[in-house]
Protein chains: 2
Amino acid sequence: MPKNCNFIEKLREVGLRPTKQRVKMCEVLYNREKTFHFTINDLVKLLSEKMNQKISLATVYNTVHAFEKKGYLKEISIDSHKSYFDTNTSAHHHFFDEDTHELIDCDESDIDKINIRKNITGKKINSVEVLVRVASDNQTQK
Amino acid sequence: MPKNCNFIEKLREVGLRPTKQRVKMCEVLYNREKTFHFTINDLVKLLSEKMNQKISLATVYNTVHAFEKKGYLKEISIDSHKSYFDTNTSAHHHFFDEDTHELIDCDESDIDKINIRKNITGKKINSVEVLVRVASDNQTQK
DNA sequence: AATCTACATTATAATAATTCTAAACTATTG
DNA sequence: CAATAGTTTAGAATTATTATAATGTAGATT
Ligand SMILES: [Mn+2]
Ligand SMILES: [Mn+2]
Ligand SMILES: [Zn+2]
Ligand SMILES: [Zn+2]
C-alpha cells in the first residue's frame with residue numbers, strides 16, 4: 001500500500017468497508033517513509049497516541065487479520081513468543097537486531113540471490129527468505 | 001545429542017539431574033535417525049504413547065526449556081501461532097511444507113553459501129538462516 | 001542403609017495473548 | 001430515509017504458557 005494513497009479506494013478495492021477505524025489504521029500503518037514492522041501491542045499503543053477516540057482491541061485484531069487476508073499486511077515469525085507484522089508483503093529478507101528486537105528489511109542488493117540446489121520431491125517453492133540475526137559488536141552478547 | 005549415547009552422563013555434564021522423566025524425554029527426542037522437529041503438543045502426545053506413566057505437562061515445558069538453555073534443543077520460529085523445537089541445535093536451513101506443516105532440515109549441500117554483502121553498522125552477524133516454504137506442486141495452493 | 005537436602009515433579013492456579021459472542025452501530029443500497 | 005449487511009465493541013471464553021506450593025527423589029552425608 002503506497003504512502004498517502006487513497007485509502008478509502010484501496011479498502012473498497014478488496015471489499016472492505018472504509019470505516020473510520022480502518023482508514024485511521026491505514027494512515028498509521030502506511031503513511032511512512034520506510035516499511036513498518038510491528039507487533040499488535042506496538043500498533044495499539046501507536047493508535048491510542050495518535051487518536052482522540054481509541055480503537056477497541058478486538059477491532060485492531062480483526063483489522064490486522066483482515067488486512068493480512070487481503071494482502072495488505074504480512075505476518076513474520078522471528079520470535080515464537082511475539083507475532084510481528086510487516087507492511088512489506090513481498091517475499092524479502094530481514095535483519096533481526098537481538099539487542100533491540102528490531103526487524104529491518106534487507107535491501108535487494110544486500111544479499112546475493114539464494115540458490116536452492118535440491119528441493120523436496122513433488123513440491124514447488126513458494127518463497128525463500130533469509131533471517132540474519134545480528135547483535136552488538138562489542139558486548140559479550142550470547 | 002547423539003543417538004543411543006549415555007543420556008545420564010550427558011545430563012550430568014550440563015548440571016541436570018538425570019531423573020527418569022528427563023532420561024525418557026532424551027530417549028524420545030534423540031534416539032532417532034534424523035533430526036526431530038516438534039511442538040510441545042507433539043512431544044506430549046509421543047510421550048504419553050511411549051510411556052506407561054505419563055509425564056506432567058508442566059514437566060514437559062520445564063524440561064524442554066531446560067534442554068534449550070543447556071544447548072540440547074533449539075527453538076525455531078516458522079509459524080507465530082506454534083512453537084517448534086529442533087534437536088539440531090546448529091545454525092541451519094529448513095524447508096517448511098505448508099501442506100503438512102512439517103519442518104525438514106536442508107542438507108548442507110542443498111543451498112549455496114549465503115553471501116551477506118552489507119551488514120548493519122556496528123553489529124556482528126550471529127546467524128544466517130534460510131526458510132524455504134514449499135507446497136504441493138499440483139493443487140491450487142495459495 | 002538410613003537420613004538429609006537441594007532440586008525436580010506435579011496438580012492446580014494464574015497470566016497473557018488471542019478469539020468468540022452478541023448487542024449496538026454504521027456504511028451502503030434501494 | 002429506511003433496510004440491511006457488514007462492523008465495532010466490551011466483555012467472556014479459550015488457549016498456550018508460566019507460577020505456585022506441596023510432594024517426591026537423586027545424590028550426598030552420615
Ligand atoms: Mn495470524
Ligand atoms: Mn521459549
Ligand atoms: Zn520486512
Ligand atoms: Zn532443523
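Chain letters run A, B, ... following the sequence lines, proteins first and then strands; every chain starts at 1. None of these values were measured; they are calculated from a predicted model.
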Visitor: Return each pair, listed once, that meets side chain to side chain donor-acceptor pair (under 3.5 Å) where at least one residue sits in residues 38-59 of chain B; pairs must be two or more places apart or across chains.
Guide: B:Thr39-B:Asp42
Visitor: Could you list the donor-acceptor pairs under 3.5 angstrom formed between side-chain atoms of residues 108-117 of chain A and any protein atom two or more places apart in sequence or on another chain?
Guide:
{"residue": "A:Asp110", "atom": "OD2", "partner": "A:Asp107", "partner atom": "N", "Å": "3.0"}
{"residue": "A:Asp112", "atom": "OD1", "partner": "B:Arg117", "partner atom": "NE", "Å": "2.5"}
{"residue": "A:Asp112", "atom": "OD1", "partner": "B:Arg117", "partner atom": "NH2", "Å": "2.6"}
{"residue": "A:Asp112", "atom": "OD2", "partner": "B:Asn115", "partner atom": "ND2", "Å": "2.8"}
{"residue": "A:Asn115", "atom": "ND2", "partner": "B:Asp112", "partner atom": "OD2", "Å": "2.8"}
{"residue": "A:Arg117", "atom": "NE", "partner": "B:Asp112", "partner atom": "OD1", "Å": "2.5"}
{"residue": "A:Arg117", "atom": "NH2", "partner": "B:Asp112", "partner atom": "OD1", "Å": "2.5"}

Visitor: What does the list of N/O pairs under 3.5 Å between the protein and nucleotides 28-30 of chain C look like, with a distance for each?
Guide:
{"residue": "C:dT28", "atom": "OP1", "partner": "A:Arg12", "partner atom": "NE", "Å": "3.0"}
{"residue": "C:dT28", "atom": "OP1", "partner": "A:Arg12", "partner atom": "NH2", "Å": "2.7"}
{"residue": "C:dT28", "atom": "OP2", "partner": "A:Arg12", "partner atom": "NH2", "Å": "3.0"}

Visitor: Within the side chain of B:Asp137, is there an N or O that forms a donor-acceptor pair under 3.5 Å with the backbone of A:Lys123?
Guide: no
Visitor: Does OP1 or OP2 of D:dT9 have a side-chain N or O of A:Gln21 closer than 4.0 Å?
Guide: yes
Visitor: First locate atom SG of A:Cys26, then atom CG of A:Leu11, and finally report the distance between them rounded to the nearest 0.5 Å.
Guide: 4.5 Å
Visitor: Examine distances only and state if a side-chain atom of A:Asp86 and a backbone atom of A:His37 form a donor-acceptor pair shorter than 3.5 Å.
Guide: no
Visitor: With a 4.0 Å limit, can you tell me whether A:Arg22 has a side-chain N or O closer than that to the phosphate oxygens OP1/OP2 of C:dA27?
Guide: no
Visitor: Quick one: which residue pairs count as a salt bridge (charged side-chain N to carboxylate O under 4.0 Å, His left out) with a foot in residues 16-28 of chain B, not counting sequence neighbours?
Guide: B:Lys24-B:Glu27
Visitor: For nucleotides 14-17 of chain D, which of its nitrogen or oxygen atoms have a protein nitrogen or oxygen under 3.5 Å away, and what is each distance?
Guide:
{"residue": "D:dT17", "atom": "OP2", "partner": "B:Tyr61", "partner atom": "OH", "Å": "2.4"}
{"residue": "D:dT17", "atom": "O5'", "partner": "B:Tyr61", "partner atom": "OH", "Å": "3.3"}

Visitor: Is there any salt bridge (charged side-chain N to carboxylate O under 4.0 Å, His left out) pair reaching into residues 28-37 of chain A, and which pairs are they, with sequence neighbours excluded?
Guide: A:Lys3-A:Glu33
Visitor: I'd like to check the ring pair (Phe, Tyr, Trp, His ring centres under 6.0 Å) partners of B:His92; sequence neighbours left out, ordered by chain and number.
Guide: B:His94
Visitor: Can you give me the N/O atom pairs linking the protein to nucleotides 23-25 of chain C at distances under 3.5 Å, or say none if there are none?
Guide:
none

Visitor: For A:Tyr30, give me all partners under ring pair (Phe, Tyr, Trp, His ring centres under 6.0 Å), at least two apart in sequence or on another chain.
Guide: none
Visitor: Identify whether any heavy atom of B:Thr59 sits under 4.0 Å from a base atom; if not, whether one sits that close to sugar-phosphate; answer base, sugar-phosphate or nothing.
Guide: base
Visitor: Hey, can you pull the residues of residues 44-56 of chain B with a non-hydrogen atom under 4.0 angstrom from DNA chain D?
Guide: none
Visitor: Not counting sequence neighbours, list each pair that qualifies as a ring-ring contact (aromatic ring centres under 6.0 Å, His included) and has a residue in residues 114-134 of chain B.
Guide: none
Visitor: Please check if the side chain of A:Tyr72 supplies one atom and the backbone of A:Lys10 the other of a donor-acceptor pair under 3.5 Å.
Guide: yes
Visitor: Between B:Thr19 and C:dT9, is there a side-chain N or O to OP1/OP2 distance below 4.0 Å?
Guide: yes
Visitor: Only counting residues at least two apart or in another chain, list the ones meeting ring pair (Phe, Tyr, Trp, His ring centres under 6.0 Å) with B:Phe36.
Guide: B:Phe38
